[in-house]
Structures are given as structure tokens and as C-alpha cells.
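Before any comments, here is the structure.
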Amino acid sequence: QAQLVESGGGLVQPGGSLRLSCAASGRIFRINTMAWYRQAPGKQRELVAAITNDGSTNYVDSVKDRFTITGDNYKKTWYLQMNKLKPEDTAVYYCNTEISIPLGAPREYWGQGTQVTVSS
């Protein structure tokens with residue numbers, strides 16, 4: 001019984017920046033993980049960045065030193081700051097979370113996706 005709403009995608013030139021946002025609402029006791037995935041045309045969905053409940057982060061090699069994931073467990077909101085964007089970053093980006101809920105097992109939820117296009 002949780003919902004994820006994401007925003008921040010758009011069209012940007014190579015070398016530009018965007019910040020994606022994801023906000024979770026509903027029946028949430030605790031957010032265990034916050035993450036961003038992406039899917040480019042003709043490719044499988046891949047994990048871009050994640051932050052776990054112990055504060056550790058993980059990035060796909062292609063975005064290291066360019067993207068930063070941050071989160072606020074109290075506000076149930078997380079972000080992906082994307083700098084020095086490249087055309088190969090073009091994809092639909094999806095936020096993702098594993099949450100704990102009262103009287104239930106942990107569950108995984110997905111945002112609706114937001115398009116990021118990097119092109120001159």
C-alpha cells in the first residue's frame with residue numbers, strides 16, 4: 001500500500017545536469033533501501049545507484065564520479081543528482097524501494113518512470 005512518484009527528467013545537452021526526485025507515501029513503517037534504475041532502448045533495466053538502511057551506497061561503474069544518490073528517510077524522499085551527462089545516459093529512469101510495513105513482509109515498489117534524454 002505504498003506509492004512512489006518521481007520527477008525531474010527532461011532533455012539536456014551533453015555535459016549538463018539533472019536531479020531526479022522520488023517521494024514515497026502510504027503505509028510505510030520503514031524504508032530499507034532507496035534506489036534508481038534505468039532502461040535504455042533495446043537494453044535491460046539496470047541498477048544505477050542505491051543506498052541501503054546502513055547508509056552504504058552502490059553505483060554502476062558507468063556513472064561513478066558523475067551521479068550521486070541521496071535520501072531522507074524521515075521525509076521518505078530520495079534523489080539522484082546527475083552531472084556531466086552523456087548521450088549514453090539516455091533512458092527511462094525508475095525509482096525503487098524496499099519498505100517495511102506494519103503487519104506485513106517487506107515489499108518492493110517502483111515509480112512510474114521519468115525520461116532522461118541527453119542530446120545536442
Side-chain angles (χ1 to χ4, degrees):
Q1 296 294 333
Q3 300 82 40
L4 274 58
V5 178
E6 58 183 288
S7 62
L11 175 64
V12 65
Q13 295 186 2
S17 298
L18 287 172
R19 190 177 78 153
L20 306 183
S21 301
C22 185
S25 62
R27 193 162 65 98
I28 301 171
F29 179 72
R30 185 185 69 171
I31 293 178
N32 298 324
T33 62
M34 298 175 284
W36 291 94
Y37 289 74
R38 68 185 180 187
Q39 187 167 23
K43 298 182 178 179
Q44 68 178 15
R45 186 166 56 189
E46 67 174 351
L47 175 67
V48 179
I51 183 167
T52 61
N53 58 4
D54 65 355
S56 63
T57 57
N58 188 30
Y59 299 91
V60 67
D61 286 344
S62 60
V63 310
K64 288 181 178 178
D65 303 319
R66 298 190 297 119
F67 292 9
T68 303
I69 184 170
T70 57
D72 187 331
N73 273 289
Y74 184 77
K75 295 182 178 180
K76 301 181 178 65
T77 303
W78 58 104
Y79 308 91
L80 184 68
Q81 178 66 47
M82 304 183 293
N83 299 324
K84 300 179 180 179
L85 283 160
K86 304 176 180 179
E88 50 263 45
D89 295 318
T90 296
V92 178
Y93 285 71
Y94 300 88
C95 61
N96 166 274
T97 186
E98 182 192 274
I99 65 171
S100 297
I101 61 174
L103 305 177
R107 293 185 177 184
E108 190 175 73
Y109 289 88
W110 294 88
Q112 80 280 7
T114 185
Q115 177 72 48
V116 171
T117 302
V118 185
S119 176
S120 60

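None of the values given here were measured: they were computed from a predicted structure.
- Counting heavy atoms from C-beta outward, L80 and V48 have side chains that approach closer than 4.5 Å.
- Taking every heavy atom of both residues into account, S17 and N83 meet most closely at OG-OD1, 2.9 Å.
- When all heavy atoms of A35 and W78 are compared, the closest pair comes out as O-NE1, 3.2 Å.
- A single hydrophobic cluster is seen to contain both L18 and M34, as judged by linkage of ILVMFWY side chains at heavy-atom distances under 4.5 Å, directly or through other members.
- The closest side-chain heavy-atom distance from V116 to M82 is below 4.5 Å.
- Using modelled atom types, one side-chain atom of T90 and one backbone atom of V118 make a donor-acceptor pair closer than 3.5 Å.
- The CG atom of N32 sits 7.0 Å away from atom OG1 of T97, with the distance rounded to the nearest 0.5 Å.
- Considering OG of S100 and CG of N53, their distance stands at 8.5 Å, rounded to 0.5 Å.
- Atom CZ of R107 is surrounded by 12 or fewer heavy atoms from other residues, nucleotides or ligands within 6.0 Å.
- In this structure, the separation between SG on C22 and CD on Q112 is 8.0 Å, given to the nearest 0.5 Å.
- The ring-ring contact (aromatic ring centres under 6.0 Å, His included) pairs that include a residue from residues 41-69 number zero, where partners must be two or more places apart or lie in different chains.
- The ring of Y79 has its center no closer than 6.0 angstrom to the ring center of W36.
- Of the inter-residue distances, the one linking E108 atom CD with L4 atom CG reads 10.0 Å to the nearest 0.5 angstrom.
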Quick one, T33 with I31, criterion side chain to side chain contact (heavy atoms under 4.5 Å, CB included). Give me CA distance, side-chain angles, the key distance, then yes/no. CA-CA 6 Å; T33 62; I31 293 178; 5.9 Å; no
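- Residue V12 is grouped with residue Y93 when hydrophobic side chains (ILVMFWY) are merged at heavy-atom distances under 4.5 angstrom, including chains of intermediate members.
- The closest side-chain heavy-atom distance from P14 to K86 is not below 4.5 Å.
- Taken to the nearest 0.5 Å, the CZ atom of R19 stands 7.0 Å off from the CD atom of Q81.
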Using the side chain to side chain contact (heavy atoms under 4.5 Å, CB included) rule, take T114 and V92 through it: C-alpha gap first, then chi angles, then the decisive distance, then the call. CA-CA 5 Å; T114 185; V92 178; over 6 Å; no
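- The nearest pair of heavy atoms linking D72 to K75 is OD1-N, 3.1 Å.
- A donor-acceptor contact shorter than 3.5 Å links the side chain of E6 to the backbone of G113.
- Between R38 and D89 there is a salt bridge, since at least one side-chain N of the basic residue sits less than 4.0 Å from a carboxylate O of the acidic one.
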Take I99 and F29, measure what side chain to side chain contact (heavy atoms under 4.5 Å, CB included) needs, and give me the verdict at the end. CA-CA 7 Å; I99 65 171; F29 179 72; over 6 Å; no
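- Using a 4.5 Å cut-off between side-chain heavy atoms of Ile, Leu, Val, Met, Phe, Trp and Tyr, with links allowed through other members, Y94 and Y109 fall into different hydrophobic clusters.
- Connection of Y37 to I51 is not established within any shared hydrophobic cluster, with ILVMFWY side chains joined at heavy-atom distances below 4.5 Å, either directly or through further cluster members.
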Could you check L20 against C95 for side chain to side chain contact (heavy atoms under 4.5 Å, CB included), going step by step and ending with a plain yes or no? CA-CA 9 Å; L20 306 183; C95 61; over 6 Å; no
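- Within the model, atoms CG of N96 and CG of L47 stand 8.0 Å from one another, a figure rounded to the nearest 0.5 Å.
- When the side chain to side chain contact (heavy atoms under 4.5 Å, CB included) test is applied to D54, the partners found at least two apart in sequence or on another chain are T52, S56.
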